[in-house]
Amino acid sequence: MQDNTVAIQLKSITKTFGEVVANKNVDLTVYRGEVLSILGENGSGKTTLMNMIAGIYYPDSGEIFIDGEKASIHSPKDAFAHRIGMIHQHFKLVDVFSAADNIILGEEYKGFDIKSEAERIKEEHSAENAAYAAYKPEEHTGVLAYLKAPKYHSEKETKRRIAALPFEKIAKRIKFGWLSRNRADAIQSIANRYGFEIDLKKKIYDMSVSEKQTVEIIKVLYRNADILILDEPTAVLTPQEIDKLFAVLRRMKDDGKSIIIITHKLNEVMAISDRVAVLRKGEHIATVNTADTDEKELTEMMVGKKIDLNINRSEPHDVEDRLVVDGISATNHDGVKVLDNVSFTARSGEILGIAGIAGSGQRELLEAIAGLQRIDSGDILYFDPTKDNEKIDLRAKTPVQIRDLGVRLSFVPEDRLGMGLVGNMDLVDNMMLRSYRNVKHNEADEKKECESDTEKVAEAVSEDSSAAESSGGKKSDGKPNKAKEAFAKFGRGVANCASVVWSSIFLDRKSPKNLAENIVTDLEVVTPSTRTPVRRLSGGNVQKVLVGREIAAAPTVLMAAYPVRGLDINSSYTIYNLLNEQKEQGVAVIFVGEDLDVLIDLCDRIMVVCGGKVSGIVDGRTAEKEVLGKLMTNNSGAGVAADSVGEDLQ
Amino acid sequence: MTNVLKKLKFESPIHISKRTDIPKWKTWLIRGVAVLVALLLCGIISSILSPGSFGSFLEQMFKGCFSTPRRAINLFEETALLLCISLAVTPAFKMKFWNIGAEGQVLMGALLCATCMKYFGGKVDDGLLIVIMLLFSVVGGATWATIPAIFKAKWNTNETLFTLMMNYIAMGLIACVIAIWVPNNSGTVGVLPFGNFPKIGKYPYILNIIIVAILTALVFVYLRFSKHGYELSVVGESVNTAKYIGINVKKVIIRTMILSGALCGIAGWLIVGGASHTVSTEVAGGRGFTAILISWLAHFNPIGMSFTAFLVAFLSQGSSQAASVLDFGGSFPKIITGMFFFIVIASEFFVGYKIKFKLRKRETSKTDSPSADCESEENACGGSDDDGIGVVIAESQSEEEIVLNSTETVPPPQRTSESIQDKEEVEA
């Protein structure tokens with residue numbers, strides 16, 4: 001239903017943060033009733049640009065026109081006044097409130113201006129008086145006609161009505177502050193109109209991610225937004241849920257709303273949008289009609305050069321069982337079962353993918369293996385390749401105990417800056433997280449040596465003295481040398497012991513610094529120096545640092561949870577290649593992903609989890625997206641509903 | 001007119017943006033200027049109270065601190081005590097364990113120290129007695145700190161409330177002990193003759209100063225170069241990361257608090273054995289709280305803390321001298337100290353944010369809302385006061401402009417606050 005009315009137009013918008021130019025002279029036009037995709041790598045300024053429309057940032061220069069009029073949007077409130085609503089990537093909902101309450105939360109009381117209201121009443125009354133004068137009762141008959149008949153308003157009545165306006169205003173204000181019991185009804189009509197399935201009385205904490213997203217969308221619609229901005233809405237949804245969302249978006253589009261959608265995923269761009277705007281390094285590269293382009297061209301525009309979008313999947317070789325997880329179950333703090341009888345085997349030289357809706361137990365599973373999550377039952381067995389595949393039980397061990405057993409397990413957690421790294425520390429100190437505890441290896445050997453040295457010295461000394469005693473001092477020319485030597489050795493031993501003690505108390509920043517420098521050069525991490533706090537780095541670089549550190553530990557099992565979440569295409573492929581490299585070196589790689597296309601391209605086997613249970617393990621080479629999608633929603637009611645909707649749409 | 005109003009409202013000449021990198025010298029320049037401005041303002045306050053006293057106020061400030069060697073020694077001794085307690089709270093704060101119980105921990109150290117002096121005094125050699133006093137003080141301080149640490153580690157109780165309450169218990173204990181020792185209700189123990197620190201050279205307190213200097217170096221090394229120091233800062237930054245790399249968080253919390261409490265105990269030992277030679281509930285004199293400020297101001301850097309501690313000691317000693325000479329009364333030093341810190345802390349805003357004034361051009365933009373900045377650089381938003389200031393500047397501006405133009409019937413553009421709406425109603 002795209003017509004050519006311009007809904008919003010950006011003219012040479014520029015925004016800088018300190019030295020960083022987030023957006024530079026961006027021009028963008030959005031029409032009524034269209035879906036516009038904003039495509040770009042990380043740090044290309046998509047979200048900043050949208051935040052300027054949504055009133056979170058204010059442009060340094062440039063103009064925004066809404067419906068042809070120049071607008072200054074200084075706050076989300078302003079944005080709502082211009083009928084712009086944004087659905088952020090991270091939902092901003094109050095957990096303990098119901099959906100309906102979240103939707104009406106923050107609604108502005110629209111007061112009226114008493115003067116203009118008075119004018120309006122005057123006009124209305126005089127108009128009605130005129131109608132009354134012209135009214136001929138004999139032309140109208142029946143009871144209803146009497147009710148409909150115009151009434152006469154005396155001047156006194158008008159005055160009284162106007163005098164009451166201030167009180168009316170107060171009364172309205174009070175009424176506005178009152179929560180009515182059927183407040184959900186007004187919202188329900190919006191939901192019905194666009195075909196949302198939602199229980200408005202349900203509390204947010206009971207909701208799945210897709211339900212929460214629905215609440216956010218309805219919230220925006222409830223405030224009469226005509227321009228909706230969705231920041232990566234599909235990142236957390238299953239294929240079925242994405243279909244559902246797209247159906248809703250199409251309905252909104254037909255209703256004349258303009259939808260701007262930020263996404264990384266090219267196939268979704270092709271599926272939903274009418275036009276695509278591509279940003280690169282803060283600049284607007286081009287806006288093209290989706291029908292006139294293809295994924296390859298878009299990628300080129302986005303990255304600025306041709307890149308290969310294929311992941312090379314090599315055939316696994318020397319496959320051995322490395323990690324066997326046998327029937328583990330776990331409960332979280334709230335007593336909810338998060339893992340339910342999960343069993344699988346991770347094999348060396350293979351990538352095992354784990355697919356599932358966010359929060360289906362992936363995190364808990366990896367944490368259980370890493371020794372961070374207590375398990376109620378089941379076994380985790382590791383077969384140590386250095387010790388002829390000796391069986392080691394990892395159950396109920398702490399991370400340190402696991403490491404001390406010689407298990408080389410690396411873990412790239414989902415929460416990079418909150419768990420894998422310390423944001424406020426620099427690269428060197430972050431490298432140290434894994435290794436700081438180690439006493440320098442050669443020195444550890446020396447420790448043993450120095451212990452034996454002391455023994456030797458003791459022996460030598462006693463020998464010496466006994467020899468001196470027995471020979472009565474005659475043979476004393478050769479022996480003191482030996483004693484001297486022994487003492488010198490003893491001195492060295494003491495020095496070594498001291499250095500061992502020293503290195504067990506104090507930090508060694510030299511080797512982490514070398515490691516940091518190596519990672520920076522090998523993985524092309526963009527950072528001012530190795531002494532920069534990692535939180536200053538962009539998402540992709542943070543991830544490179546983390547993955548680099550975990551790989552540097554020479555793991556035999558590498559677990560990575562959503563390692564490419566939020567990363568742009570280039571960085572993502574760097575990570576995929578790193579994982580593939582590890583696989584070829586015989587590491588058992590466990591990869592938790594959300595993009596099914598990538599999982600299918602990358603993994604040798606894909607395990608699907610759903611509600612803490614394994615709902616299936618499929619071969620990555622023959623897997624089909626739809627099958628995976630169904631497995632992901634296997635044993636929940638929502639899944640069935642999603643399926644039926646999907647079929648309806650077809 | 002509507003356009004004019006819009007222009008006036010939206011095109012604010014002040015542009016505040018976050019600084020990402022600021023050279024070290026600039027930071028110190030800003031702080032130095034803040035100190036000077038604060039001194040100047042204090043002088044002005046003084047000349048308001050007694051006209052023409054601007055010069056003599058500043059003179060007395062310095063005289064009170066440096067005019068005689070005795071005064072200088074007093075100043076450095078006070079600095080040393082404050083610094084010692086600041087050193088004590090710093091490891092805990094770096095771990096984000098908000099230990100505000102330093103006062104109580106110092107008191108417990110002081111109490112046990114005085115107990116030793118009272119009961120072992122004269123029975124053992126003075127040198128040995130001092131060592132015994134040290135041991136007891138350390139145990140006293142450490143115990144008082146460990147109790148909340150254990151509760152925090154085991155049951156995740158709120159350490160702020162817990163340590164605060166422990167202060168009152170310590171005070172009560174001292175009052176109780178004094179009542180036992182001095183049955184005549186006078187409430188003062190009097191000078192205990194044994195176990196006093198030996199004088200080094202002509203003046204007292206030299207030993208205190210030397211001990212604290214050594215402690216400063218040790219704590220600096222501990223925090224910067226030791227594995228323990230690294231562990232506690234990881235725990236402070238993110239408990240999840242600490243667990244992920246296998247740090248025993250509970251152990252670190254308890255260990256760090258033992259250290260923190262032990263240092264407080266040493267402070268109590270220094271106060272009783274090295275300075276006051278007696279004990280009372282006032283013996284810590286609020287230093288346990290001042291130390292928190294000192295530690296924060298120096299961003300938990302022990303070397304920086306020695307400067308901030310000196311500044312605090314200088315201010316209180318100098319301004320009380322000025323107050324007594326110029327006859328300003330007992331509250332004057334507090335006013336001066338308060339003002340001083342208000343300005344110095346406020347200057348941190350300029351360290352964190354850049355302010356551009358663009359008066360000529362009308363096309364400049366207003367600041368981003370600070371909360372939005374927080375979102376973009378999650379951990380970067382340190383001082384919440386700073387944000388507050390940013391908002392205040394922005395809002396007070398718009399309000400003025402509205403008042404100027406309130407005769408307009410056009411409702412003012414969006415970003416209005418409640419008060420502005422009310423004004424409109426009154427107008428109507």
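To find a chain, count down the sequence lines: A is the first, B the second, and so on, and within it residues start at 1.
Of the possible polar contacts, one joining the Ser238(B) side chain to the Gly418(A) backbone as a donor-acceptor pair under 3.5 Å is found. Remark: side-chain polar atoms of Arg403(A) are paired, donor with acceptor, to backbone N or O of Ile245(B) under 3.5 angstrom. With Ser226(B) contributing its side chain and Ile505(A) its backbone, the two residues share no donor-acceptor pair below 3.5 Å.
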Criterion side-chain contact (heavy atoms from CB on, under 4.5 Å) on Met425(A) and Val234(B), from CA distance to verdict: CA-CA 9 Å; Met425(A) 287 186 172; Val234(B) 172; 3.8 Å; yes
Audit row: Tyr230(B), Tyr436(A), ring-ring contact (aromatic ring centres under 6.0 Å, His included) steps and yes/no: CA-CA 9 Å; Tyr230(B) 180 68; Tyr436(A) 81 98; 4.9 Å; yes
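Arg437(A) and Lys227(B) make their closest contact through O-NZ, 3.5 Å (heavy atoms, listed as atom of the first residue, atom of the second, distance).
Both the backbone and the side chain of Leu433(A) come within contact range of chain B, with heavy atoms under 4.5 Å apart. For Met432(A), the parts lying under 4.5 angstrom from a heavy atom of chain B are both the backbone and the side chain. For chain B, no part of Ile402(A) is nearby; none of its heavy atoms comes within less than 4.5 Å.
With a 6.0 Å radius and a threshold of 12 heavy atoms from other residues, nucleotides or ligands, Trp296(B) has its CH2 atom at or below the threshold. Atom CZ of Arg374(A) is surrounded by 12 or fewer heavy atoms from other residues, nucleotides or ligands within 6.0 Å.
Interface check for chain B: of the options Leu421(A), Asp415(A), Thr48(A), the most heavy-atom pairs under 4.5 Å are formed by Leu421(A). Chain B forms the most heavy-atom pairs under 4.5 Å with one residue out of Ala370(A), Ala118(A), Pro413(A), Pro533(A), and that residue is Pro413(A). With respect to chain A, the highest number of heavy-atom pairs below 4.5 Å among Asn248(B), Asn240(B), Ile247(B) belongs to Asn240(B).
Note: Arg224(B) CZ to Phe506(A) CZ = 13.5 Å, rounded to the nearest 0.5 Å. Rounding to the nearest 0.5 Å gives a distance of 9.0 Å between CZ of Arg535(A) and CD of Glu237(B).
Judged by the 6.0 Å and 45° rule, Arg434(A) forms a cation-pi pair with Tyr244(B).
With sequence neighbours excluded, the residues that form a salt bridge (charged side-chain N to carboxylate O under 4.0 Å, His left out) with Glu367(A) are Arg363(A). Taking the salt bridge (charged side-chain N to carboxylate O under 4.0 Å, His left out) definition, one finds that Lys152(B) meets it with Glu159(B), sequence neighbours left out.
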